[in-house]
Structures are given as structure tokens and as C-alpha cells.
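Chain naming here is simple, since letters A, B, ... match the order of the sequence lines and numbering starts at 1 in each.
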Amino acid sequence: MAFLEIQRVYKKFGSVYVLSGISLDVELHQVVCLIGASGSGKSTLLRCINALEVIDDGVILLDGDRVSGRGIDVDSLRQEVGIVFQSFNLFPHMSVLDNVTLAPRKVLGTSREEAEATAMGLLGRVGLADKATAFPDRLSGGQQQRVAIVRALAMGPKLMLLDEITSALDPELVAEVLNIVRDLAEEGMTMMLATHEMGFAKEVSSKVCFLDQGVILEEGPPEQIFGDPVEERTRAFLKRIVDAGRL
Amino acid sequence: MAFLEIQRVYKKFGSVYVLSGISLDVELHQVVCLIGASGSGKSTLLRCINALEVIDDGVILLDGDRVSGRGIDVDSLRQEVGIVFQSFNLFPHMSVLDNVTLAPRKVLGTSREEAEATAMGLLGRVGLADKATAFPDRLSGGQQQRVAIVRALAMGPKLMLLDEITSALDPELVAEVLNIVRDLAEEGMTMMLATHEMGFAKEVSSKVCFLDQGVILEEGPPEQIFGDPVEERTRAFLKRIVDAGRL
Amino acid sequence: MNHTSALTGPPAAKRVGRVLTYRKAAIASLFFPPAGIPALIHSIKASRLAEQGETEPAREQGEKARDWAWYSVGVGLSVYLVAFMVWLLFTNGGSVRKVFLDWSILTSWDAWHSMLKGFWINVQVFLIAEVIVLIWALVVAIVRLLPGKACRPIRFLATVYVDTFRAFPAILVVYLVGLGFAQAKVPIVGSFSDIQYAILALSLTYGAYVSEVYRAGIESIHWSQVAAARSLGLSYTQTMRHVVVPQAVRRVIPPLLNDFIGLQKDTAIISVIGVLDVVSRARFINNARGTLAAYSIAAFLFLCVTIPFTRWLEWLQRRRQLRTEGGR
Amino acid sequence: MNHTSALTGPPAAKRVGRVLTYRKAAIASLFFPPAGIPALIHSIKASRLAEQGETEPAREQGEKARDWAWYSVGVGLSVYLVAFMVWLLFTNGGSVRKVFLDWSILTSWDAWHSMLKGFWINVQVFLIAEVIVLIWALVVAIVRLLPGKACRPIRFLATVYVDTFRAFPAILVVYLVGLGFAQAKVPIVGSFSDIQYAILALSLTYGAYVSEVYRAGIESIHWSQVAAARSLGLSYTQTMRHVVVPQAVRRVIPPLLNDFIGLQKDTAIISVIGVLDVVSRARFINNARGTLAAYSIAAFLFLCVTIPFTRWLEWLQRRRQLRTEGGR
Amino acid sequence: GSSKSTTSPGGTTAATSAGAVVDCKPVKAGTLSVVTSLPGPNFWGTTNAEVDPDKIKSGIEYDLANLIAAKCGLKMSFRNESFDALVAGQVAADSYDISLSQVTITTDRAKVVDFSQGYFKSDQGLLVKKGTTVKTWDDVKKLTVGVQASTTAEYYFTSGEKKGWKLDNTKVFPDLSSAYAALNAGQVDGIIIDTPINLGQASQSGGKLEVVGQFKTGEEYGAIYGKGNGKKAIFDPILQGFIDDGTMNKLIAKYLGGDPSTVPFIDVPTS
Ligand SMILES: Nc1ncnc2c1ncn2[C@@H]1O[C@H](COP(=O)(O)OP(=O)(O)OP(=O)(O)O)[C@@H](O)[C@H]1O
Ligand SMILES: Nc1ncnc2c1ncn2[C@@H]1O[C@H](COP(=O)(O)OP(=O)(O)OP(=O)(O)O)[C@@H](O)[C@H]1O
Ligand SMILES: [Mg+2]
Ligand SMILES: [Mg+2]
């Protein structure tokens, strides 16, 4: 039994199927990268895992427990599964420290001192201890994204979902965020990431899935997908990326 | 006498100097790339050349004629100098064809038939002849940016300014835009481009200028700047870009 | 690999996807028993099943408890509210009904005829005033947008007009214009009829509002659109004409319609200078018959005009929003 | 390299940075000769110099012609306008001044005293109504945002209230509440004073407006903020309390203040049910003295309240805009 | 003006046949242009009758206007203006011939408009619920009294302009029906307005209301003419004729159904 099991998941918006029968296993401590063209359903898949979208068919199991469908406690699921978005989504009316400690204090009931100590530790690790009292609009994009990662980590999740977390950043700021993810991977965090940073995906992932129009067209170790893709569409996609100078 | 001469140009916003004494010559048929960190003044410099910003000191000469300061006819300057922006800035209320033909018809007084014939020719060259009647919001980012380039070209400019024209695009769409610029360079268009696409800059430019805090810290042929930069800051900047997987 | 490192933090002991019984919600929803009782029953079943380890059936019961709790809010509150209103209508021997909805007036053809004639005056006033406002406000907006230091005095005058007339209650403007211009024998407008004064006063007031709407609409066009147009060599006027104004007009329509709805409603105040509009006539009937039913008719007539207008406006806004989200 | 290829297009014969003489603008600006004449002179000089090939001095003259042309618009129009207003004030033997600004009223302590006493009633009415509206509108907004199919009936009732009261002219609500509730002996509110009725009527009307403001404020918080909060495990209520509402409050303040300005101005209509407010007193003075000067005083008093309020509001909005642009 | 209603001259009195047709030099040829301020129950339209101002066919001043028109050989046409505009001289003087709108003659008003001689005595009567004992000024002072806005009652009893007349507890109503409604609802203890008007209300109440006293103001209703435009000289004699031949009294009795002279006067101490 894999840590996360996605079984024949369907999701439609209106009458259009955005996910059409996705099945995917993620083992503990694995890093799975989702690649694929814009609109292929990467974000939707991640949001379904976190129950931010309700799936139309299929089932998702976390640690063997059903976490999709009727009657589940989404709030406790979300304590297990952290997500970081492309657009940071920090709370603009709170300081960095409050952003990070809000959920531990309100959801887990951690005391303020304890939550802040943990938060400061994490912020220190990502090099942002001195920004603890700043407000998000005073930070660069890279700094904001690092705070967003810390905010998710502060809940002690067992699985992290990262949705194109560097797409909204200036190229010079990309590295500082990717370094954090690299550290997380090395520490054994289970992760699923949707990304356009193919070089990074190649380096960090244990498995790469190529999504195309809501189905996983091809999956395998990074060497195989990037080095010797089987499918024609995967090849065409990778060629476009190479042309843009991103691989 | 160079085609475009920028002499000791200063520009401040409020009390902060964004350009502090920029001097730069661009010869006819040259392609000059501006690189540098976010906020170093690349966009501002391009906008000053096109008189979209008023400079505070210095002088800009185009073809030996003063084009900055009091009493100049900015509208005729702008017919000589086209600019394309990061965010496309197509007119959302007009079809692609109208976007392209508006300026030739209203400024040059070209007849509608003639303007449309030229426009269709250019659109065909960039592979968008079939989108002529579409509205911008129905196009992908890459398509929009190609239309924006065509719109500037339709005025028959002698100098094109391109301001990070691929930054707002999904990676897969970058190549289609860069190909157009490559063609333009091959055809001998004089161009200045601000870009984060270092690979492309290396390939296409005759001269690279590294801007840092409003001054040109280093300039030279691309092989030298990318291969063996003299300045410490240039090196640091390039290292960050390499880390992000963009070179 | 090291699983309790600095970044991943302490592993917490939590249960994923456990059963929710919604007990508190079920108890609270007893305030409306027809929904509260089933809610409580399902909630109790859910916890019993959960204790027996029957997770899936327990979850099903929990969901049902939740649904019933919501019914108690949604349906319960409405039932209580409607009952209260019905009681109000028939308490005191139906005096509320008689005062606000006197049948002898509501069914009188004469009364309706008179009210409709009055309302037709309101309609005329707002239609004419709207046309005047459209033009007059544009003139004011253009003056306020004249650039440069040289135009400061004229901009200042326009701003004073806009600021003061936005600050005056419309009813005072109606009094001042409607009573004062005739008395002072102001040239040209000194011999207007009351209806013309009403139109003039409302046009002055709403001209100030709408000029602000125009101005905001033009200023809302992102400067990058102007930059793009100017960079192509279009002059200031050409940029305004072909790029800014066509885009501004679309954005201006919703707030403009909003002000027009306000104008339509404000025609209800012109009765104070003696115009025999729908409100004057309601007052006349009230005096003759001692019932407010005619005011209810007046309110109904206004409803018939402003509600469709509001719906249309909301539809326009929604459509615009969809477009903006659909585009970039 | 091939310079006339498909992409670069035909080379056009244009002169860069040529001299501008602004001849047409200069001629048009003769409508205000003090600025038009210098404009024309500079324009002529500019073209003469340009013909002689003296580009730089010619450009200098062109700039000056342009400056003077602008002066003729900005200063010229204002001079004509102010002159017209002065003439208006003193024409007909100063009848305009006498009607609108009768000295014997404007300098009468008694008149001011009476007007201020009246205005104090308006102030009380809007202060109390504003507090009531703040709370009542929140209740309505919360009801309208209740989720799910189960709450459809109660949402529907709230929507009907909001839609109808937004559609009614405030003056009709004042009439119906102020005259009808007492006459119908409605329980509880049947024995209110006129001022209380005025407050009730305005609260009902503005409660509908403000509930819309609240609702829009909450809905304006981007769904991604809710997604972020929920994804951290916060419940719906916690998300509302810690993330949505604190952000919504800031956005709601400007439109809320805007509605409050409207409310303040609408207190001018409560005179119709006999409240001895500032407008009633102005009417009293007008009837006794045959001059509208007291209405001018009333307008001035409203100005004193609404203008600072408006300025404050604009300042808040500007600040918010700067923030938004400064942030991401 | 907004509403115009034209009727052929009507009337029930002998006045129509008395004397020859007078040349009234109307502002509009063939028409006697009359201005009034609606509502004016029993003066323009009758309580519980007309609901459409354009179809008014009765009332003291309506009949009077028709009688004057007949005297001049004209059609009568009336329009509505606000009361404020009428008494403050804010209706263009050249737009009407005569205004009949229950306006009390005051010296202040006479500065901006011309008045006819009085055609209707308007001492102020106090209407209360049957059973309320009011005999002296001290009794009156204990009551909460309603008055109509812009009337002499408001002027006297709320402002203290007339020495000693100011009451402590007054309420001002925009129109009469709301004032009477407030009396019925018990919001006020009494209504003060011209005695004949209150008598009319009392007679309609079926004995529930009564006029317990009146205050001598020495005031009368007069017609209004545009200031100094010569209408006074034309219409005053005609009006006087109708007063002298008893037509006015008949009209009052017909529409108000009471005799003001039967109501006792209450003295207001001036010290
Ligand atoms: N809330 C929604 N309502 C309707 N359609 C949606 C919604 N969210 C996503 N979609 C559609 O679903 C499809 C997949 O979207 P998704 O965001 O999952 O793609 P993606 O692979 O993440 O693309 P990108 O690389 O651009 O982020 C797209 O066609 C998108 O338009
Ligand atoms: N209109 C303006 N008002 C005030 N400051 C401005 C304005 N435009 C630009 N700036 C500031 O000038 C500096 C240079 O901006 P510029 O846009 O030229 O940088 P850039 O090199 O193009 O950066 P990027 O790579 O982010 O586009 C920045 O600090 C920016 O904040
Ligand atoms: Mg995505
Ligand atoms: Mg830039």
C-alpha cells in the first residue's frame, strides 16, 4: 500500500473533463514531479488531493484512509497535506510570523510561544529570520514564496504539494526557492510538484509524470522521461521547452 | 556617428536616480541586449529612448537628430522607433487586424486596404494570418506577443525596442516569440532588447550591456560578457541565473 | 535520510479523515424542531457507529446530520419570519393592511389613473435629465482632465462645482433652483416651468456625480494602454479617441447606470416644488382618504422601473467580470 | 543582410524630431486674446526660424507657442466663467443676490441659531441611523451569504428585502414609515416619535445598501486567500474570522463611507414627515421672509459635514490604491 | 405648472347672474389662470371624493374660482404650485391671475405678494378627542399639539413670534391627514388649525372628535396676486361681491358643515 493512492480520479468543470481517470501512487519519501502543457490539469490534480476541489469519480487514499468523497473531515486531511501555490497567497494583513503561526495556533491549539519558536526556527532555516515582523508586501517574490513554504511546513504535514511555485518569480529569485525544495527532498519529505523547471525536476524527482489533457500519458524515472520519452507528445512538449532554453 | 547615441542620460523618479549617466551607442543593424537585475533600469532606459519618459539630463540622438528634451516632435520620433512591452498591451477592444492597422491608418494616413494588406503580410510571416479577426483575449500569450511585434513593425520603424517580451509567457510559448526576433535580427533590424533569456541574448546580440543600479557596469560582445565577465557583480548576477537553470 | 530534521518539523499524531458527528450544530438546530430532531438523531447514530468502528456508515450519518442542521437554519428562520409578517398584517383588526393596502384605493381605477399620470411626469423628468446629464457631465469631465499648470484655474472651477454639488442634498438643490430662479428672474431660466426646474436641478446634481464617473472611467484605463498607443505615434487626441474612450465607455456604463437609478429614485423629491408628480398625487389621495395606500402604489411603480434596471446593470457587471477573468 | 525583407517592411521617408509650430492651436486660442496673441507670435517666429534651418531656436519658439495656447484655454475659460457669474449676481438690480444670499438673514443670529438647532436634529438622525445600519446590514449580509440549498428560502427573503428597499426612493419609505406605522398602530414601533420614525426609515433603506457593500466586500476577497487558509486546515468559520473578514473590512470602508455620505444628505428629506430639521426651518424662514437665504444656509451646513467626509474617503481610497500598487 | 383642469363655470348661487361680464385682462386669453397648492381638502376637492387632482369638481375655493371665471366670462383653469413658492412670491407673477390656496394674510407675506381682502376667517381651532377637557390656556399648555407645517398655527404656536402663544409640546406635520391620523393614534392630544377646517373634521368623525375652543388671531384667508401687477384692482371687487351677497357663507356651510361662531374663544394671557 502506497502512502498516497490516487485511483481512477475524474474531475470535470462544467461538462469538460479536466482529469479523466488519473491513477498514481506516491510512496513515502518519494518526490513526484508533474509536467505537462498549460491546462493539462496539473494544478487541478494537486487541488483535488487536498480536497480544495471535489472529485467527480474515483477515490483518493492517504495512508490507507479515504480522503475524498462524502463525510470526510477535510480539515484534518489538510493538516496532513500541505500545499504551496504559484501565487504565494500569503495573508496580506498579517506579518510573516503571524502568517506562519496562524494555523498551528488556531487549528492545532499550539501556544503562541511554542508556535513562534517553531516558526522562527523554520524561518531561520530559509534565511528569513530577520523578516519575521515584516508584512508580505515588503518582501520580494522569492522571499514571499519561501514564507509560503514555511507556513505549510509549520503544520508538520506528511505530504507537500507544490504547484509551480517558481513560475511567478523573476529568474534571479528562482534559485533561492528551489534550494529549499532541494533541502526538503533530501530530508525525506514526501512531495508532489507541478513544475516547468525541467532541470530541477530531473535533479530532484524520483518519478516524473507527463500529464496531457487530463490523463497521465507517460510516467517513469526522470532519466527515462527526459532522456528517452516513449510518447510522441512528450517529445514535442520537451522540444518546446528546450527551444525556450529551459532544459 | 552611430545610429542611436545615448549621451550621459539621467532619469530620476522622485528623488531616486534610476538612470545615472548612461552612455551607449547603437549602430545601424546592431542588436544590443540589456541585462541586469530587476530594478536596474532596463525598462526605464528603453522608455526614455522612445520618449515615454522625459529624461532629466543628457541627450539622445537618433540619426544625428536630437530626440529628447524641449520642442521635439515625439509623435514623429515614435514612428521611427517601435517598442514592444512585457505585457503585450494589445488594445482589447479591437481585433488583431485593427490593432495592427490602427497606427498606419491614423498616423501615416495609409488607406485601409493598403494597411490591411501590409498587416496580413506581416501576420502571415509570424503564422497568425488566420487570427486576423480574433480579439486579443482569444489568443494565447505567445500569440498576443507576436501580434504586438507585428503591430510595431507595421509602422516601419528603423529601431525596435523589446522590453522582456517573453517574461510574461509560459515557457512553452517562449520559443515562438524568440523565433520572430531571431528572424528580425537576421534581416538586419536595429534592435535593443532587455531580456532575462541569456541563452538567446548570447546567440542573437552583437553587444551586451550589463546594467546595475542605473549605470552600464560592463559592456562588450556576448562571448566576453557571458564567458569572462570582468566585474564581480556581473559574475554574481550570472551565477544566480545559472542556478535557476536559465543559461 | 533523516526524517525529523529542521525543515520537516515534528511528526504529529493525527487521524486523517475521521468521522464528523456535528453534535453541536444538531443541538443548536433544535430551535426549529422539524429539522432539528432528525439532525440530532443522525448525529447520535453517527457517533454510535463511529464507536463501533463502522467508519463508512458513520460518515454517511454525519453528512445527514449536517444537512438537517442546515435545513433548520434555512427553512426554520424563513418560516418564523413569514409567520411574523402575516401576523403583523392581521393584528389590530387588520389595521396595517388597511393603512398600507386599502382595497378601496388599490382597486380604484381613478386612483391608478391619477398615479400613473403622475408617474409619467417622473419618467419624463428622469429621461430628459439623463440625456442632459450624459452631455453636461462629459463637458465637466473633459475640463477636469485638461492637463498642465496652465489649466489649473479652469480645472479648479470644475472641481468646485463637482465637489459642492456632490455635497448638497438633492432636495436642497431642487428647492433653490425651483423656487429661487423664478423669484430672482435669472436671465433665460427665470421663466421655466416647475418641471423644467426639476429637470435642471437634478441635472446639476447628477451632472456632478456622473462627471466623476466619467473621470474615474478614463483614469481606470491602465497607463500601459496609453503608452502602447503613444509609442505607435498616435497623438494625445488620437489615443483618447481610438484607445482610451472606447474602453472607458464600457467600464463607465455600470456606474453610470447606477447613478441613473439614483436619479430615477430622486425624482420622488420634485413634489416639494409643486410638481404634480406621483408623490404629490399620493399625498393628495392621503389627504382626501386618510390612507397611505397611494404611497404604496407609488413605491410599486418605482419598483417596476428600478428593479429591471438594476437587474440589467448586475447582468452587465457580471458579464464584464467574466470577460475580464476570461481575458488576461 | 537584406533590409527590405518581409518583416521589416518598406522604409518610410520621415523626418525625426522636426519643428512643431502649433499654428492651429495658436489661432484657436485667439478666443482669449491676452494669451492667443503671444501664442500666434511665437508660432509665426517658430515657422520662420524653421524655414531658415535654425532648428533649435525654432523648437524653443514652438514650445512657447504651445504654452501660451494652453494658457488661453485654462486662464481664458476661467476668466469668462467668473465674469459671467459676477454679472449674474448683480444683474436685475442684484435680485439673484437678494434671493439666495439675503444679508438680513445671513447676518441674523436668530436665523443661524434656529438653523443650527434644526441641523443638530439631522446630525443626530444620521449618527444614530449609521450605528443601526452598521449592525443591521451585517445581519442581512450574513444571511445572504449562508451557503447551500437548505438556506435558499432565507436567502431569498433577505434578497427580496435588499432588492426592494434599494429600489424604493428613500422619501417614500420615510412617508410610509413615518405616517403609516403610527396610524396602523403597528406593535412596538407604533408609538415612536417622528425623529425615531425618520431614523427607522433611513436605517431600513440604507441597511439594504450597506448589506450589499458588506457582501461585495466579502466576495471581493480572492478565492485564493480562502484556498490558502482552508488548505492549512482552518475551518470555514476560522477562515472567515481570521482571513476573510479582516481583509474585507478594509475594502468595505470606502464604499461604506460613501453610503454614509448619502445617508447624511438624505436626512434632508425627513422634513416631509414634520421633523423640525434644518430644511423645515429653512422653509419656515422662506415662508416668513420670502427669501431662500435660509436654504443657502442649510446647503452650507451640509457642505460642512459632507465635504470633509468626502475628502477623508478619497484619502482612504488613494492610500489603499497606493498600497495595492506597492504590494503585489 | 403641471396639471391643468378646465371646467365650464358652475355654481349654485345667484351670483352668476348678478351684473355684467367684467374684463379681467387674463394672462392667458380666454382663461382665468388660478394657482393653488394641493392638497387642500374641502377647498379643492372634497374629503372622500376626488382622488385625482385633475378631476377636482368641488371645494370652496374651486367653486369660488369658477364663480369668478364666470363673472369674467372666462374658463377656469388651475395648476398646482408648492405652498412655499406661493406665499414667498416665488411663482412667476405673470403666469397666473389669482391664487386661492387658504393663505392667511400677514404683513410679512404682503411684502412679496399682493393680498385681496379676507374671504374666510381663520381663527385657530383646537380639535381634540371627545372627552378631553380644555377650558383655559393652562389646559392647552398641558397638551401635545399637532400643527401643519407652513401654517399660521405653526408660526404662532411653535415659534413664540406672537407673545405668549408658544406651546412647549408641539409636533409639526407635513399635511393634515397625517396630523389627524396622529390624533386618532393618540400621538398628539390635539390639532390646531383654522376653526372651520377642524369643524369639518369633527363632523366627519362621527362624534369622536370635537372642537373645544378657538384662539382669536384676527386673521383671514386672502387671495394672492403677483406683487404690483394690477390684478388686485380687478378681482377685489368681484370677491367682495361674493362675500357681500352671502355666497361665501353658503360655500363654507356646504363643505365644512359647521358654524365657527358656536366655538368658544380661549384667551391667551399676554403677560
Ligand atoms: N475553477 C475552474 N472552473 C473552470 N475551469 C477550470 C477551473 N480551474 C481550472 N479550469 C480549467 O481546467 C483546465 C486545467 O487547469 P489546470 O489549472 O489544472 O492546468 P495546469 O496544468 O495547472 O496549467 P498551468 O500550467 O497553466 O498551471 C484548464 O483548461 C482550465 O481552464
Ligand atoms: N513610474 C515610476 N515611478 C516611480 N518609480 C519607478 C517608476 N517606474 C520605474 N520605477 C523604479 O525605477 C527602478 C527601475 O525600474 P525598471 O522598470 O527600469 O527596472 P528593470 O530593470 O526594467 O526591472 P525588471 O527586470 O523588473 O523589469 C525600479 O526601482 C522601479 O521601482
Ligand atoms: Mg497550474
Ligand atoms: Mg523591466
- Message: Working to the nearest 0.5 angstrom, can you tell me the gap between Phe284(D) CZ and Asp84(E) CG?
- Response: 12.0 Å
- Query: In terms of heavy-atom contacts, does CZ of Arg215(D) have more than 12 from other residues, nucleotides or ligands at under 6.0 Å?
  - Reply: yes
- Query: Got a second to check how far Asn287(D)'s CG is from Leu86(E)'s CG, nearest 0.5 Å?
  - Reply: 10.0 Å
- Message: Is it the case that over 12 heavy atoms from other parts of the model lie below 6.0 angstrom from the CZ atom of Phe156(D)?
- Response: no
- Most heavy-atom pairs under 4.5 angstrom with chain D, which of Val87(E), Val172(E), Val147(E), Val113(E)? Val172(E)
- Message: For Lys227(E), is the NZ atom crowded, meaning more than 12 foreign heavy atoms sit under 6.0 Å from it?
- Response: yes
- Note on the structure: Closest heavy-atom pair, Ala288(D) versus Asp108(E), reported as atoms and distance to 0.1 Å, is O-CB, 3.1 Å
- Query: Quick one: do the Gln187(E) and Asp194(D) side chains pair a donor with an acceptor below 3.5 Å?
  - Reply: no
- Message: Surrounding CZ of Phe192(D) (heavy atoms of other residues, nucleotides or ligands, distance under 6.0 Å), is the total greater than 12?
- Response: yes
- Message: How close do Ala88(E) and Gly290(D) get, counting heavy atoms only, and between which atoms?
- Response: CB-CA, 3.7 Å
- Item | Nearest non-hydrogen partners of Gln90(E) and Leu292(D), listed with the distance | NE2-CG, 3.4 Å
- Side chain / backbone / both / neither for Lys111(E) at chain D, heavy atoms under 4.5 Å: neither
- Item | Region of Glu154(E) that comes under 4.5 Å of a non-hydrogen atom in chain D | both
